[in-house]
Structures are given as C-alpha cells and as structure tokens.
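Below is one structure, written out as structure tokens, with a few remarks after it.
Counting convention: from 1, in listed order, for ligands and their atoms alike.
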Amino acid sequence: MAELKRHSRFRTELDTALVDRIKQLVLASNEIVITCHVSPDGDALGSSCALWFVLKALGKSVNVVTADCAPRSLQFLPGVRDIVASTRQGDRAHELIAAANLIFCLDFNDADRVDRLTKPLLSSRARKIVIDHHLAPCIEADVIISRPEVSSTSALLYIFLWQAHWANFINRNAAACIYTGMMTDTGNFSYNSNDPDLYLIIHDLLRKGIDKDNLYKLVMNTSSESRVRIMGYGQYRMQILPEHRAAIIMLSEEELKEFDYSKGDTEGLVNVPLSIPEVVYSVFLREDAKDCVKVSMRSKGDFSVSLICEENFGGGGHTNAAGGEFHGPLNDAIQKLLEIIPNYDKYLQ
Ligand code: 5GP
Ligand code: MN
C-alpha cells in the first residue's frame with residue numbers, strides 16, 4: 001500500500017508539504033537570489049544556474065550571487081557569465097542580497113561557507129530555502145531540504161523540480177547544468193553513483209537535449225599548462241604512510257608561485273592517490289598564504305574524512321570528500337596532521 005501512495009517516481013521522495021511550501025514562497029516572491037558555497041564546484045554552480053534558468057522561465061527576477069568566481073573548467077556552464085560574484089561586483093552582490101525577498105542556499109550547510117557573503121546573508125530579512133546534501137545543516141531557514149544520501153545537490157534539485165511539476169521549465173541549458181553537477185560530484189559516476197534515481201534523471205536530461213559526452217570534455221579538457229605541471233609535481237612529491245593507509249600531498253606557497261599556480265589548478269589532485277589500492281585516504285595541504293593552509297581530504301568506503309576535518313581543521317563535508325583550513329604555516333599544518341593521523345587508525349578496516 002505504501003508504494004501506491006508514493007508521489008515520486010524516484011527512490012528519494014521529498015515531503016509534499018515542503019515542496020508545496022517552496023512553490024508558494026517562489027510564487028509570492030519577485031526578487032530572488034540563489035547562492036552557493038565559496039570556491040564553487042560543478043555541483044554548486046550547476047544547481048545554482050539550473051535553478052536560475054527555471055525561475056527565469058517562471059517569470060521571476062532572479063540572480064545567482066556567489067562569494068567568488070567560477071573556476072576556468074566551469075566557465076562554459078550556461079548561466080555562469082551572468083553570476084554576480086562578490087570578488088568582482090561586491091556592491092552589487094550586497095545590494096541584491098539586501099533587496100531579495102527569497103534566498104535559495106544551494107549545496108552548503110553552514111552560513112560560514114559563503115565566506116564574504118556570510119554577514120549579508122545572515123542579516124538579510126529574506127525568506128530562506130536550503131537545498132543541500134551535506135550532513136547536519138545549521139542554517140536558519142524557512143524550508144530545509146537536506147538529503148545527505150543524495151550524491152549531488154543538482155540531482156536533489158531535479159527531484160524537487162519534478163515533484164513540484166516544474167520539470168517542464170528545465171530547458172536544455174538548465175539540463176546541462178544539472179548534469180554537470182551530478183557528474184562532478186560523483187567523479188563522472190564512479191563513486192556515490194549506485195542510486196538508480198541518477199539514471200532516471202540522466203534519461204530525462206538526455207531527452208532535454210544535453211550532450212553528456214561533450215559536457216565531460218568541456219569540464220575535463222580545460223587544463224592550463226601550469227595545471228598539468230603542478231598536478232605532476234604534486235603526485236611526484238606525494239608521501240605514503242603505509243601503516244596508516246594514508247597519502248599526503250602538500251604544496252607550499254613558494255612551490256605554487258614557481259608553478260605559476262592559479263585557482264583551480266590543483267582541482268582533483270587529492271583524488272589521485274586513491275587509485276593506489278593500499279591507500280584508504282588522501283590528504284592535500286595547500287599553503288594559500290603564510291597563515292592559511294587549505295586542507296582537502298578524500299577517502300574510500302566507510303572511512304570518514306569529514307570526521308577528521310571537523311575534529312581538527314574547523315571544516316567538514318561528506319564521508320569521502322571533506323575539507324577545512326589550518327591557520328598557520330605549512331610546516332605546522334603537516335606536524336599537526338602527522339600527530340592526529342594515528343588517532344584514526346581505529347577506523348581502518
Ligand atoms: P574540496 O576538497 O573539493 O575543497 O572539498 C570537498 C568537500 O569538502 C566540499 O564539497 C565540501 O563539502 C567540504 N569542504 C571543503 N572545504 C570545507 C571547509 O572549509 N569547511 C567545510 N565545512 N566543508 C568543507
Ligand atoms: Mn555538492
């Protein structure tokens with residue numbers, strides 16, 4: 001009987017009351033802002049731009065406002081050029097947030113994750129809707145759709161639009177954005193990708209005219225020379241701690257300068273050591289400034305790097321992909337990392 005009552009054709013089914021509430025809020029609002037986390041990735045930008053296309057099709061005045069710009073590999077994404085990034089258009093970003101009566105927070109679970117937009121977001125009197133797949137959201141909002149078991153916010157957004165009977169408003173551009181988010185958050189459907197819903201969604205997106213093979217090429221084949229060199233160098237310098245099943249890659253500020261590093265050049269580097277069967281988790285430390293080391297971690301199976309990032313680097317994320325920061329020089333960061341790594345041996349299978 002329960003099966004008959006299902007409203008969705010997807011395994012993930014959203015509470016109808018929440019879906020209806022979001023629809024009401026959208027229909028009652030004319031100035032809408034969509035925002036996502038700082039250093040936006042394919043899922044953050046894909047879900048944001050897709051929703052932007054849909055809300056425009058619904059006749060809304062809507063803007064995507066982000067803390068910073070899209071990386072080079074995602075510049076092709078439809079809608080990206082219209083994003084108001086605070087690093088480029090600070091005043092306009094603040095004005096739009098202040099004037100909004102509805103704000104969508106996509107692909108993040110904590111107001112700190114929008115960096116320089118945290119204050120404007122928290123002081124805005126707009127209604128807020130969170131659609132996200134990170135653990136334990138702690139943003140105050142009128143509606144929260146939080147489904148950590150869904151591999152991307154983009155897939156979750158699709159399911160919302162489908163249940164809201166708004167899938168018709170997804171044009172080819174919006175479909176390309178949703179596909180890109182789903183693809184990038186699953187490593188081109190190589191992890192977190194056993195959910196059959198994903199393939200129903202892909203089926204629908206293909207019917208909307210996306211060229212999935214080309215989207216893969218557009219995301220993957222945009223390396224600069226510096227990126228190819230820095231990726232090689234990082235891998236060459238990788239350290240393995242066999243007794244802890246861990247791999248560490250670190251790049252100092254000097255090394256980044258030497259390789260003419262620009263933002264996005266090290267994207268994916270942290271994943272590479274996982275291709276070694278013995279490695280259960282991989283850590284990448286990047287010294288962005290003398291007192292700020294960006295920490296990125298990836299893991300396999302049930303080993304939670306989110307726990308390590310939360311407990312030691314003021315961050316978080318997902319079981320298999322997480323990050324945080326260390327405030328201090330790279331040498332201190334590596335020292336701390338080496339100190340804490342043995343604490344997590346007990347979680348190795
Ligand atoms: P990346 O390693 O690609 O920067 O981040 C991987 C995932 O870790 C992101 O999707 C995000 O969920 C999480 N993450 C990265 N950096 C931070 C951080 O500083 N704070 C928190 N809370 N999560 C982070
Ligand atoms: Mn995501």
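Looking only at its N/O/S atoms, D107 has OD1 as the one nearest to the Mn ion (ligand 2).
Side chain to side chain, D107 and H37 meet the donor-acceptor criterion of an N or O pair below 3.5 Å. Remark: the S146 side chain and the D132 side chain contain no N/O donor-acceptor pair separated by less than 3.5 Å.
The nearest N, O or S atom of H133 is closer to the Mn ion (ligand 2) than 2.8 Å. Among the atoms of D185, an N, O or S atom falls under 2.8 Å from the Mn ion (ligand 2). Among the atoms of D43, an N, O or S atom falls under 2.8 Å from the Mn ion (ligand 2).
The aromatic ring centres of F189 and Y179 sit less than 6.0 Å apart.
Other residues sharing a hydrophobic cluster with L269 under the 4.5 Å side-chain heavy-atom criterion for ILVMFWY residues are I230, M231, Y233, M238, I240, I249, L251, L256, F259, Y261, V270, L274, I276, V279, F284.
A salt bridge does not link D68 with R88: none of the charged nitrogens is closer than 4.0 Å to a carboxylate oxygen.
Closer than 4.0 angstrom to ligand 1 lie heavy atoms from R113, H134, K294, S296, R298, G315, G316, G317, H318, A321, A322, G323, G324.
Rounded to the nearest 0.5 angstrom, E253 CD and C292 SG are separated by 10.0 Å. Between atom OG1 of residue T266 and atom NZ of residue K294 there is a gap of 10.5 Å, rounded to the nearest 0.5 Å. In this structure, OG on S262 lies 5.0 Å from CZ on R72, to the nearest 0.5 angstrom.
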